[in-house]
Amino acid sequence: MNRDVPRHIAIIMDGNGRWARSRLLPRTFGHHHGMKAVGEVVEGCIEAGVDVLTLFAFSEENWSRPADEVSSLMNLLEEYIAKETKKLRRNGVRTRILGDRTRLDRRALAAIERVERETADGTELQLGLCVSYSARKELTRAARIIAEEVEAGRLDPSDIDETTVASRLYTAPWPDPDLLIRTSGEQRISNFLLWQLAYTELYVTPVLWPDFTRRELFDAILDFQDRERRFGKVSV
Ligand code: FPP
């Protein structure tokens, strides 16, 4: 058993569309309600003493959704930042956006830069919002950065180790997630934090993301605390 509170929790927030469909509402309503659940987990993590929370908000693959859904998700991100920045700042939540910014429009970029700037002093919780994020692209980008450093003579290939790679990922300098939560019952990683999840405990719940509350978060933490983490070794 392991009574520790996870230092880093990562969440694949899934099921917004199904939540809306079961109420005969447009999918975008599901995303809107999903935003409330984001507030719940941010506050729940502070309460529980978690250091880092990483949320999968918009994948690289999500760009292929219908244009109105993509723009509604981008608007939600901007709305979240407009509404929540003050509170994030007050609660000491340092917020960073992880992903490929080159695909974001000027308004989304400005919003992102604003929340990062205005919450930069936060020390209670580190919040990572993955936007236009793909783990394979993150790893490809790290490989490119390393190759450029080698080419420029700043890095010797024989010095490349796991730390070299990890420190060039978007999540640096955070520790790897201890716990990954995926809502809506799907049992997939979906190109999320492929490197960082190597030894992470997985927790899948049938609850759809808009229904996810602090209570569900605490249930996931309690479940995590009942697990024995061996990191490939034998129990002692
Ligand atoms: C997956 O549900 C969820 C998303 C693609 C978007 C997640 C976005 C939010 C929770 C709201 C905005 C968040 C922030 C941080 C502002 P789905 O649409 O794939 O659901 P389905 O599988 O039931 O169709």
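In listed order, ligands and their atoms are each counted from 1.
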S.K.: Does Arg141 use its side chain to pair, donor to acceptor, with the backbone of Asp100 at less than 3.5 Å?
M.R.: no
S.K.: Residues in salt bridge (charged side-chain N to carboxylate O under 4.0 Å, His left out) with Arg101, at least two apart?
M.R.: Glu116
S.K.: For atom 15 (C) of ligand 1, what is the closest protein heavy atom, and at what distance to 0.1 Å?
M.R.: Leu129 CD2, 3.9 Å
S.K.: Tell me the protein heavy atom at minimum distance from atom 13 (C) of ligand 1, and give that distance in Å.
M.R.: Val38 CG2, 4.0 Å
S.K.: May I ask you to list the atoms of ligand 1 that are less than 4.0 angstrom from any heavy atom of Asn62?
M.R.: 5 (C)
S.K.: Counting from 1, what ligand 1 atoms have a heavy atom of His31 closer than 4.0 Å?
M.R.: 4 (C), 6 (C), 11 (C), 18 (O)
S.K.: Is ligand 1 under 4.0 Å from a heavy atom in the side chain of Leu208, in the backbone, in both, or in neither?
M.R.: neither
S.K.: Using modelled atom types and a 3.5 Å cut-off, is there a donor and acceptor pairing between side-chain atoms of Ser22 and backbone atoms of Trp19?
M.R.: yes
S.K.: Under the side chain to side chain contact (heavy atoms under 4.5 Å, CB included) test, which residues partner Thr164, sequence neighbours left out?
M.R.: Ile146, Leu155, Ile160, Asp161, Arg168
S.K.: Within this structure, what is the OH-CZ distance for the pair Tyr133 and Phe56, rounded to the nearest 0.5 Å?
M.R.: 7.0 Å
S.K.: If you measure from each non-hydrogen atom of Leu55 to ligand 1, which part falls under 4.0 Å: side chain, backbone, both or neither?
M.R.: neither
S.K.: With a cut-off of 4.0 Å, which atoms of ligand 1 are near a heavy atom of Gly17?
M.R.: 17 (P), 18 (O), 20 (O), 21 (P), 23 (O), 24 (O)
S.K.: Between Arg136 and Glu60 (salt bridge meaning N to carboxylate O under 4.0 Å), is one present in this structure?
M.R.: no
S.K.: Under the 3.5 angstrom rule, does the side chain of Asn62 hit a backbone N or O of Ser59 as a donor-acceptor pair?
M.R.: yes
S.K.: To check your reading of the model: name the closest protein heavy atom to atom 12 (C) of ligand 1, its residue, and the distance in Å.
M.R.: Leu76 CD1, 4.2 Å
S.K.: My understanding is that only one of Leu53, Asp51, Thr54 makes a side-chain contact (heavy atoms from CB on, under 4.5 Å) with His8; could you say which?
M.R.: Thr54
S.K.: Which residue holds the protein heavy atom closest to atom 9 (C) of ligand 1, what is that atom called, and what is the gap in Å?
M.R.: Asn16 ND2, 3.7 Å
S.K.: Any carboxylate oxygen within less than 4.0 angstrom of a Lys/Arg side-chain nitrogen, looking at Glu79 and Lys83?
M.R.: yes
S.K.: Using a 4.0 Å cut-off to any heavy atom of Arg27, which atoms of ligand 1 qualify?
M.R.: 17 (P), 18 (O), 24 (O)
S.K.: For ligand 1, find out whether one of its N or O atoms is nearer than 3.5 Å to an N or O atom of Tyr80.
M.R.: no
S.K.: Looking at ligand 1, does any of its N/O atoms fall within less than 3.5 Å of an N/O of Arg65?
M.R.: yes
S.K.: Nearest protein heavy atom to atom 7 (C) of ligand 1, by residue and atom, and its distance?
M.R.: Ala57 O, 3.4 Å
S.K.: Counting heavy atoms only, which part of Glu186 comes closer than 4.0 Å to ligand 1: side chain, backbone, both or neither?
M.R.: neither
S.K.: Does any N or O in the side chain of Asp223 come within less than 3.5 Å of the main-chain N or O of Asp219, such that one atom is a donor and the other an acceptor?
M.R.: no
S.K.: So which of Leu127, Val42, Ile46 actually passes side-chain contact (heavy atoms from CB on, under 4.5 Å) with Asn91?
M.R.: Ile46
S.K.: Is ligand 1 under 4.0 Å from a heavy atom in the side chain of Trp209, in the backbone, in both, or in neither?
M.R.: side chain
S.K.: Suppose I only count heavy atoms of Arg18 and a 4.0 Å limit; which atoms of ligand 1 are within that range?
M.R.: 21 (P), 22 (O), 23 (O)
S.K.: Note the single closest protein heavy atom to atom 1 (C) of ligand 1, along with its residue, its atom name and the distance in Å.
M.R.: Met13 O, 3.2 Å
S.K.: Quick one: does ligand 1 sit under 4.0 Å from the side chain of Lys83, the backbone, both or neither, non-hydrogen atoms only?
M.R.: neither
